[in-house]
Participant: 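The structure's right below; bear with me while I get my questions together.
Every chain is numbered from 1, with letters handed out A, B, ... down the list of sequences.
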Amino acid sequence: MATDLLANLNPQQQRAVTTVTGPVLVLAGPGSGKTRVLTHRIAYLITEAGIDPLHILAVTFTNKAAREMRERLVGLLGEAVATDLTVGTFHAICARWLRRDIIHLGRERDFVIYDSDDQERLMKRVLRELNLNEKQNPPRAILGAISQAKNELVGPEEFARHTRSYFDEVVARCYARYQALLRESNALDFDDLLGETVRLFREHPAVLAHYQQRYRFLMVDEYQDTNRAQYLLVRALAERERNLFVVGDEAQSIYAWRGADIRNILQFERDYPDATVIMLEQNYRSTQAILDAAQALINASPQRKYAKRLWTTNGKGEQVILYEAANDEDEASFVVGEILRLIAEGAARPGDCAIMYRTNAQSRLVEEALVQAHLPYHVVGGVRFYERKEVKDVLAYLRLAANPYDSVSLQRVINWPGRGIGERTVSELIVWARQLGVPLYQALSELAGDAADHPFAARARSALLEFYTLIADLNRLREMMALGDLIDYLLARVEVQAALKREYDADEADDRWRNVQELRNAALAYANLPVENQLAAFLEDVALIADVDSLDRHTDVVTCITLHQAKGLEFPYVFVLGIEEGLLPHSRSQTDRDSLEEERRLLYVGMTRAQRRLYLCHAGQRALFGRVTASARSRFLADIPPALFKPLRRRGYRALPAPQPVMFNDRSFNQPPARRESGRSAPLPTPLKAVFFPGQRVRHATFGEGIVVSSRLIEGDEEVTVRFPDRERRLLASFARLEPITDGSDR
DNA sequence: CGGGCTGACATTTTT
DNA sequence: TGTCAGCCCG
């Protein structure tokens, strides 16, 4: 058996698999077989080291990773053994533990989990209650700050004690109220799942001891993506047995903006001085040519601790192709043309090709080109199934059936479908409930039990009571009915299909109704559970899985995907688009070194997805928010020696309607005569060349030094947006007397 | 109370 | 260029 498990593993992988005890840090380069190591190690622990699978916990970040791992383990160990293992995402595992033990924190175990949409709705209510303006205090920004605080385990009170700005003051007040409403709604947000588990462990050593006793062998995937709360969670659990096995790659850390703390992986050796450190450098995915280019890019980063040297026996392969497109349209048509050619040559099938980009907006042109070429494709991302409005509306009723105190769900459907409860009535209800000091549902209940002084007109009151009865009925029925029947009852009683037909035109109503039916179908999977558990189990999965098996890689279609989402995937042919200043690195990430380096890693992740051939593309100009803008090639491309590229000339390009000659990589080239708008004569094209490019450092006599954010040619002049120390300014080059600072940093 | 219009706005998003 | 929120009117 041991030979089976270790066969086909290289020496480093074998060492990782067979190191059973103590802290282990595995630094796994892209394509180095880390999932294989994780699964084989688990199998090894069980079959060779005799560890009871009940003692093993494996944590991942995504459901997809967890599912894959479990599938592979079933293959290695069989269904029976695999079911005894605990494999799941941080959030799912924490939710499970909290359902068991949250009572120790004085909370109910039947809490609902709020997703970001729910959070936003709740925050909007908070803002209204506190008389704060949504425009000046964007709910998402406030939630971002709260999320950060929660990741650091800073509660509302502590946060309020350390405010350093007006914004902090606002956040502090919102945080307190937000948290109070969460509690009142018997709800936890995603961050709470982690934070409350850590708090549970801290405040209740006996509970922690129970889990330490149970889980003696811990494995964490994508360790570079852990945030502070996850780090503390893992550390607490591992404290007793110290059998902690983490896998990660600092070079693939791309979620710092979401709270991931790269220090967790960099300091592992300090946390565990006796740690075994193993580097996986053999790559099984790509050609050496691709690896060389990717490594050149990443090695140019000043922030490397564990520099790996990736190698492969796959052979040198073809050089990385660098394509300079005239503009974004040309870029898209080039990519599509290449894919068509690869298919015609028999080298590839559509499913072998992936098109990657920094921002979702970039997919549009690509899609148009794919449609024209009749190439089948899918775009990863977009609105996920359980986030669709009609699905969430129906879900809101189900959540209320399980937990009527869920105020976000209650507000969501109190007037859907319309039953004459307008905004006015809702805010009266909110104010009244607050006066009474009770949750919204409780207030409705008071109203039903002839409360003396309520603020509602007779009509509003009867509408509210009708809604109250509906929720109360659902609440009563949930324990007696199978989930499918409950949903059928709900759909019939609130006349969902009719409501959709009223709100949308025929086609869209059909679409949305189909989604609702799809939700109904998903409920079938729970039919074999005891009736009283079906609804809760269903809602839990919906909250944490959040998507119906999205990426079906069985279909043979081109994949369009953001670089972030591409992590963990691989394709024979990869096209990375828009490798330009302002886009990659994104203009919003050019402010500080850390986010700039994260952009570099993002490109690195994209490049290392390629198995056989990699295309890197950039365009000289690009339509940005409807305006044509000059776009300079990314500084990152300069970090890859030209010898590693095979530059590809464009084979003819289409003229843009832009009337001026434009800068293209410092060389201006002539364009066909400007097209005229009918009726109005265009200004004579001034022989102007753009002088400034994004990322460039400039000096202004009054404003001082700054960095060019963007530059565009407008009516014979160049409009330059520059970020100065105090703020951004838009300047006209002809007036502003901007001076480029030449210290060799950029060109 | 709900439908249509106008103006600001604009990364990435594992759960 | 496209979306979303806020505003005005029937």
Participant: Between the side chains of A:E68 and A:R72, is the shortest nitrogen-to-carboxylate-oxygen separation below 4.0 Å, so that they form an ion pair?
Facilitator: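 No, this pair does not count.
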Participant: B:dT12 phosphate, OP1 or OP2: any side-chain N/O from A:N360 under 4.0 angstrom?
Facilitator: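 Yes, such a contact exists.
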Participant: Should the pair A:Y211 and A:W97 be assigned to parallel (<30°), tilted (30 to 60°) or perpendicular (>60°) ring geometry?
Facilitator: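 It falls in the tilted class, 30° to 60°.
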Participant: Report the distance from atom CG of A:L583 to atom C1' of B:dT11, rounded to the nearest whole Å.
Facilitator: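 About 9 Å, once rounded to whole Å.
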Participant: Does A:T562 have a side-chain nitrogen or oxygen under 4.0 Å from the phosphate oxygens OP1 or OP2 of B:dT13?
Facilitator: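 Result: yes.
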Participant: In plain terms, say whether A:D117 and A:R412 are close enough for a salt bridge, that is, a side-chain N and a carboxylate O under 4.0 Å apart.
Facilitator: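 Looking at A:D117 and A:R412, the cut-off is met.
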Participant: Closer than 4.0 Å, any side-chain N/O of A:R424 to the OP1 or OP2 of B:dC1?
Facilitator: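 The answer is no; no side-chain N or O of A:R424 sits under 4.0 Å from OP1 or OP2.
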Participant: Which of the following nucleotides, B:dT15, B:dT12, C:dG6, is nearest to the side chain of A:T359?
Facilitator: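 Within the option list, the nearest is B:dT12.
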Participant: For A:R601 and B:dT12, what is the distance between atoms CZ and P respectively, to the nearest whole Å?
Facilitator: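 Interatomic distance, CZ of A:R601 to P of B:dT12: 18 Å.
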Participant: Could you check whether A:I421 gets within reach of a base, just the sugar-phosphate, or nothing at all, counting any heavy atom under 4.0 Å?
Facilitator: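 A:I421: backbone/sugar contact only, no base atoms under 4.0 Å.
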Participant: Could you check whether A:E599 gets within reach of a base, just the sugar-phosphate, or nothing at all, counting any heavy atom under 4.0 Å?
Facilitator: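 Result for A:E599 = base.
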Participant: Scan A:S116 against the nucleic acid and name what it touches under 4.0 Å (heavy atoms): base, sugar-phosphate only, or nothing.
Facilitator: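 Touches nothing.
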Participant: So, is A:T425 near the phosphate of B:dC1, with a side-chain N or O under 4.0 Å from OP1 or OP2?
Facilitator: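 A:T425 to B:dC1 OP1/OP2: side-chain N or O found under 4.0 Å.
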Participant: Evaluate whether the aromatic ring of A:H586 and the six-membered ring of the B:dT11 base sit under 5.5 Å apart, centre to centre, with an inclination under 30°.
Facilitator: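 Yes, the aromatic ring of A:H586 stacks with the base.
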Participant: Please determine whether a side-chain nitrogen of the Lys or Arg among A:D118 and A:R399 lies less than 4.0 Å from a carboxylate oxygen of the Asp or Glu.
Facilitator: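 Yes.
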Participant: Roughly, in whole Å, what's the span from NE2 in A:H564 to C1' in B:dT11?
Facilitator: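 Checked: the NE2 to C1' distance equals 8 Å.
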Participant: Classify A:D115 by what it touches in the nucleic acid, base, sugar-phosphate, or nothing, heavy-atom distance under 4.0 Å.
Facilitator: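 Nothing: the residue A:D115, judged by heavy atoms under 4.0 Å, touches no strand.
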Participant: Syn if the chi torsion is within 90° of 0, anti otherwise; quick check, which is B:dT12?
Facilitator: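 Nucleotide B:dT12 adopts anti.
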Participant: Compare side-chain N and O positions of A:N415 against OP1 and OP2 of B:dC1 and report whether any pair is under 4.0 Å apart.
Facilitator: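 No, no such contact exists.
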Participant: Within the 4.0 Å heavy-atom criterion, would you say A:G568 contacts the bases, only the backbone, or no part of the nucleic acid?
Facilitator: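 It contacts nothing in the nucleic acid.
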Participant: Let me know the distance between CD of A:Q119 and C1' of B:dT15, rounded to the nearest Å.
Facilitator: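 Distance check: A:Q119 CD to B:dT15 C1' gives 10 Å.
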Participant: Find the distance A:R140:CZ to C:dA5:P and express it as a whole number of Å.
Facilitator: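 Nearest whole value for this atom pair: 10 Å.
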Participant: Is it the case that the side chain of A:E152 and the backbone of A:A149 share a donor-acceptor pair, with hydrogens and angles ignored and the cut-off at 3.5 Å?
Facilitator: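 Looks like no, no N/O pair under 3.5 Å.
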Participant: Whether the side chain of A:R109 engages the backbone of A:R99 through a donor-acceptor N/O pair (distance < 3.5 Å, no angle test) should be reported.
Facilitator: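 Between the backbone of A:R99 and the side chain of A:R109 there is a qualifying donor-acceptor contact (under 3.5 Å).
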Participant: Looking across every strand, which nucleic acid part, if any, lies under 4.0 Å from A:R459 by heavy atom: base, sugar-phosphate, or nothing?
Facilitator: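 Contact class for A:R459: none.
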Participant: Can you tell me the distance, in whole Å, between the NE2 atom of A:H91 and the C1' atom of B:dT13?
Facilitator: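 About 12 Å, once rounded to whole Å.
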Participant: Rounded to whole angstroms, how far apart are CD on A:Q136 and P on C:dA5?
Facilitator: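 From A:Q136 CD to C:dA5 P: 18 Å.
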Participant: Hey, is A:Y255 doing a stacking thing with B:dT13, by the 5.5 Å centroid and 30° angle criteria?
Facilitator: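 Whether judged by distance or by angle, A:Y255 falls short somewhere, so it does not stack on the base of B:dT13.
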Participant: Could you give the CD-to-C1' distance, from A:E598 to B:dT13, as a whole number of Å?
Facilitator: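 So the two atoms are 12 Å apart, to the nearest Å.
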Participant: Taking 4.0 Å as the cut-off, does a side-chain nitrogen or oxygen of A:Q565 come that near to OP1 or OP2 on B:dT12?
Facilitator: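 No.
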Participant: Take atom P in B:dT13 and the same atom in C:dC4, then report the distance between them in whole Å.
Facilitator: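 After rounding to an integer number of Å, I get 16 Å for this pair.
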Participant: Report yes if the side chains of A:W432 and A:F456 come closer than 4.5 Å at any heavy-atom pair, otherwise no.
Facilitator: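 Side-chain contact under 4.5 Å: yes.
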Participant: Between A:A92 and A:E423, name the one whose nearest nucleotide on DNA chain B is closer to the 5' end.
Facilitator: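 The 5'-side residue here is A:E423.
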Participant: Which part of the nucleic acid, if any, lies within reach of A:T226 when heavy atoms closer than 4.0 Å are counted: base, sugar-phosphate only, or nothing?
Facilitator: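 Since no nucleic acid heavy atom lies under 4.0 Å of A:T226, the category is nothing.
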Participant: If the cut-off is 4.0 Å, is A:N227 near the phosphate of B:dT14, judged by side-chain N/O to OP1 or OP2?
Facilitator: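 Checking A:N227 against B:dT14: no side-chain N or O falls below 4.0 Å of OP1 or OP2.
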